[in-house]
Amino acid sequence: MLGMKDVIDSYYKRVKSYYLVDVVTKEKRQFYSLQDVAKFLGRKDYRSISKYIDRGLLITRTSYKIYKYRTFKKRKRF
């Protein structure tokens with residue numbers, strides 16, 4: 001049975017997550033930190049990714065767009 005702490009932890013983990021959307025295949029991936037996103041994209045530095053968040057821009061040299069949880073949930077189309 002889940003305790004209140006588990007429920008709160010999962011909520012904050014979900015709300016602070018990032019979503020990568022592949023514009024070609026419409027595949028969606030969830031990441032819990034920008035470091036994980038950078039590792040997935042094969043980047044050494046995660047700080048350059050932050051300028052693409054929630055702007056609807058393609059991340060350079062990829063076919064991905066990145067969104068925070070709240071923006072991702074509000075959008076109907078990608």
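Predicted, not measured: the structure shown is a model, and the values here were computed from it. Counting begins at 1 with the first residue of the sequence.
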D54 side-chain N/O to K68 backbone N/O, donor-acceptor pair under 3.5 Å: yes
Separation of K28 NZ from Y19 OH (nearest 0.5 Å): 11.0 Å
S17 and its side chain to side chain contact (heavy atoms under 4.5 Å, CB included) partner, picked from Y12, Y32, Y67, F72: Y32
R14 versus Y69, side-chain donor and acceptor atoms under 3.5 Å: yes
Heavy-atom closest contact (L58 atom, S63 atom, distance): CD2-C, 3.9 Å
Listed partners of K5 passing side chain to side chain donor-acceptor pair (under 3.5 Å), at least two apart: D9
Under 4.5 Å side-chain linkage, directly or through intermediates, the cluster mates of F40: Y18, L20, F31, L34, V37, L41, Y46, I49, Y52, I53, L57, I59, Y64, I66
Listed partners of S48 passing side chain to side chain contact (heavy atoms under 4.5 Å, CB included), at least two apart: R43
